[in-house]
Structure formats: structure tokens, C-alpha cells
Amino acid sequence: MSTTFNFADALLNWYDQFGRKDLPWQQSPTPYHVWLSEIMLQQTQVTTVIDYYLRFTRRFPGIRSLAQAKQDDVLAYWSGLGYYARARNLHKTAQIVVADFAGEMPKTLEQLIALPGIGRSTAGAILTLAYHQPFPILDGNVKRVLTRFDAISGWPGNKQVENKLWQRAEQLLPNRRIANYIQAQMDLGATLCTRSKPDCQNCPMQHHCQAFALGTPTAFPEKKPKKAVPQRQTHWLVLKNDQNEIYLEQRPQQGIWGGLWSFPEIDKAEDIDVLCRQRFHINITQHQPLPHLQHVFSHFKLAIHPHLLQCRAEGIADKDNGNWYKIEDSLTLGLPAPVKSFLQSFL
DNA sequence: AAGGCGGGGTA
DNA sequence: TACCCAGCCTT
């Protein structure tokens with residue numbers, strides 16, 4: 001007699017042999033650990049996250065210590081990881097959970113999605129990995145596995161395609177071992193059903209995968225339609241006083257690098273000395289343009305032109321969002337990656 | 001539906 | 001160099 005192929009059973013059997021069980025956040029998968037790791041892993045690879053996760057959990061071992069922290073401190077531990085709204089939302093959510101849920105992550109999809117920074121997929125990961133409730137996730141791994149398994153064409157960023165994927169992810173859910181199953185989906189996508197060189201010969205889905213049958217597994221998922229990224233310019237005012245301190249400002253919460261510390265910025269390098277007198281009430285004694293840095297974002301390129309401006313400290317204005325720092329002290333702040341790298345080269 | 005939002009690994 | 005990664009939020 002013949003039996004129909006069971007996706008979940010095959011995946012779970014594969015997971016028992018080849019799945020990942022040693023990742024830091026798997027050692028004690030509390031709701032806090034699962035949530036934190038899921039946020040860090042949004043658009044960020046596992047190998048990058050591991051060190052950040054270990055440092056972050058040493059400093060903030062639980063949701064209450066995170067809730068009590070200053071946002072500045074949280075951002076400092078996120079510095080270099082990017083997508084800083086994740087850190088700001090993480091902090092906000094910790095405070096909400098402590099205030100409204102007695103410090104315990106909620107257990108329903110609706111309550112989780114209502115929290116800042118948690119969408120349907122992250123909520124699904126928390127519900128499955130921490131609470132063992134049956135929900136689908138749809139991260140990059142699952143999108144890749146499922147678009148191949150069903151040979152689904154179209155870009156997964158397209159709403160129609162995404163809806164189809166959610167539907168399929170839900171349909172394939174097993175009624176047992178849900179946490180292992182969700183982890184297995186991610187493991188399959190991350191270690192075997194990879195973007196460039198999928199190891200189809202060792203895949204438990206090989207004989208049931210539509211993309212493999214077509215002979216073009218890497219044709220799925222379809223690529224995002226690309227568009228040109230604009231090149232922008234900015235100038236950094238690297239103010240340096242007689243005590244060898246540099247001046248840093250905290251950026252507004254909204255926009256790029258929100259809440260992080262950086263140099264005062266201007267669009268055009270006109271009349272810098274005059275501007276410094278007007279805005280900061282200081283006199284520049286020496287102005288040295290430094291070689292420009294090229295920084296690449298996902299949506300634009302930024303040419304940064306630093307201007308080293310030697311000046312006297314007294315009388316500097318708008319101190320409410322700016323401060324003088326010794327360079328070695330500044331490195332413990334929440335700094336954008338190019339600012340940190342620039343300051344380190346200064347030592 | 002489209003765009004904003006980082007930084008780094010990889011081919 | 002181009003692509004994309006355990007996505008979410010705003011417009």
C-alpha cells in the first residue's frame with residue numbers, strides 16, 4: 001500500500017539528524033530568549049548575531065533588567081547591528097510587558113503582534129519555540145523552502161505571493177513537535193536549501209520538490225526587482241577642543257541611525273567656520289578636510305566628508321542633545337558603524 | 001503597495 | 001560588485 005508524502009514527518013526526521021541544536025538562544029528557550037534572538041535575527045545572519053546576543057544577555061539577563069535600562073544603554077549594546085528601530089522597539093516592548101503583562105510575554109498572536117517590533121512571523125516564532133503552540137512563520141528561510149517545494153513564481157515581497165506562502169505554511173503545520181518543526185524549517189533553509197548552492201542530493205524533500213523536478217531550484221524564490229540606489233553626500237563636523245575631546249550629538253529618534261550618537265552634519269561644506277560661530281558659538285582655529293568615507297546602505301550610498309575642526313570648548317550651544325567626549329569614552333556610546341570605525345582610527 | 005531602515009557575509 | 005539575510009513599520 002502507498003502512503004502520501006508527509007512534509008512535516010520528513011522534515012522532523014531530517015531535523016533529528018542534521019538540525020541545529022547548539023545555538024546560544026536554544027540552550028534555554030525562554031520567551032525572553034526566543035523573542036530577543038528573533039528580533040536580532042531579523043534581516044541579520046546567525047553568525048553575526050551570536051556575539052551580540054551573548055553580550056546583550058550578559059548585560060540584560062531578563063526582561064525586567066531590559067525594561068529598567070536607559071535607551072542609550074540598550075542602543076550601545078546594539079551598536080553595529082543595524083536597523084536600530086529594532087532596539088528601540090525591543091526596549092519599548094520590554095517596558096510594556098512589565099507594565100501590562102506582569103513581566104511575562106503574552107501568549108496570543110493578537111497580543112504579540114500589538115507589541116512594537118513584533119509582526120506575524122516573529123509572533124509565530126515566539127508562540128512555537130517558547131510556548132509550543134501551532135503557528136506558522138514566514139522568514140527568508142521558509143520563503144525559500146516553500147517557493148521551491150511548490151515552484152511558486154513571483155517575488156515573495158509581492159502581496160499575492162506572500163499570501164500564498166502564508167497559506168501553505170499554515171497548511172503544512174504538524175500537530176506534534178511544533179517547536180522542533182519550526183526550527184527544522186529554518187535549519188533546512190539555512191544549511192541545506194540555501195540560496196546559491198542547495199544540497200538537493202541530501203534533501204529529504206528531493207523527490208517531492210517541484211523546483212528540483214524542474215531542474216532549476218535556484219530559480220526560486222524570484223529576485224526582488226532592482227532599482228538604482230542614489231548617491232548622497234554629507235559633511236561631518238568633527239569638532240575637537242584643546243582637551244582632545246570630540247563633540248557628538250544624539251540623532252533624532254526618527255530617521256536613519258535614530259537615537260544614536262554622531263557628528264553634527266551639514267549638507268554642503270559652505271562657510272563651515274561661520275556656521276560653527278553661529279550655531280555653536282565657537283571659533284575654529286584650524287580646519288582640516290579629511291579623506292571621505294563611502295558608506296553603503298540598502299537603499300542609498302553615502303559619501304561622508306569629515307572636517308576636522310580644532311576649536312575651544314567654551315560657549316558651545318545646544319548642549320541639550322550634544323556633549324564633549326574623550327574618544328575612548330565615546331566608543332561605549334550607541335554609535336553608527338562608520339562613526340565607531342572613524343573614531344577608532346582616531347586613537 | 002511601496003519605501004525606509006544597517007551592516008556584514010558571500011559569491 | 002550585487003545580492004540578501006530568522007522583518008517590521010509608516011505612508
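So that the names make sense, note that chain A is the first sequence line, chain B the second, and so on, each numbered from 1.
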Sidechain N-carboxylate O distance under 4.0 Å for [X], [Y]:
X	Y	value
A/Lys21	A/Asp187	no
A/Glu162	A/Lys143	no
A/Asp9	A/Arg176	yes
A/Arg279	A/Glu249	yes

Nucleotide [N], atom [atom2] - distance to [atom1] of [X] in whole Å:
X	N	atom1	atom2	answer
A/Asp139	C/dC4	CG	C1'	13 Å
A/Gln185	C/dC5	CD	P	15 Å
A/Asp187	C/dA6	CG	P	11 Å
A/Lys143	C/dC5	NZ	P	8 Å
A/Ile113	C/dG7	CD1	C1'	12 Å
A/Leu41	C/dA6	CG	C1'	5 Å
A/Leu23	C/dA6	CG	C1'	10 Å
A/Ile137	C/dC8	CD1	P	10 Å

Which part of the nucleic acid, if any, lies within reach of [X] when heavy atoms closer than 4.0 Å are counted: base, sugar-phosphate only, or nothing?
X	result
A/Leu115	sugar-phosphate
A/Val46	base
A/Trp78	nothing
A/Gln183	base

Self-check item: Parallel, tilted or perpendicular: rings of A/Trp78 and A/Phe56 (30°, 60°)
Solution: perpendicular
Quiz item: Taking atom types as modelled, is there a side-chain donor on A/Asn163 or A/Lys159 under 3.5 Å from an acceptor on the other?
Solution: no
Practice problem: Using distance alone, with no hydrogens and no angle criterion, decide if A/Gln42 and A/Thr122 have a side-chain donor and acceptor under 3.5 Å apart. | Solution: yes
Using the [atom1] atom as the point on both nucleotides, what is the distance between [M] and [N], in whole Å?
N	M	atom1	result
B/dG6	C/dT11	P	15 Å
B/dG9	C/dC8	P	23 Å
C/dC4	B/dC5	C1'	15 Å

Quiz prompt | Distance-only donor-acceptor test (3.5 Å): side chain A/Arg144, base C/dA6 | solution = no
Exercise. Using a 4.0 Å heavy-atom cut-off, write out nucleotides 1-11 of chain B from 5' to 3' as B (base contacted by protein), S (sugar-phosphate only) or - (no contact).
Key: S--SBBB-S--
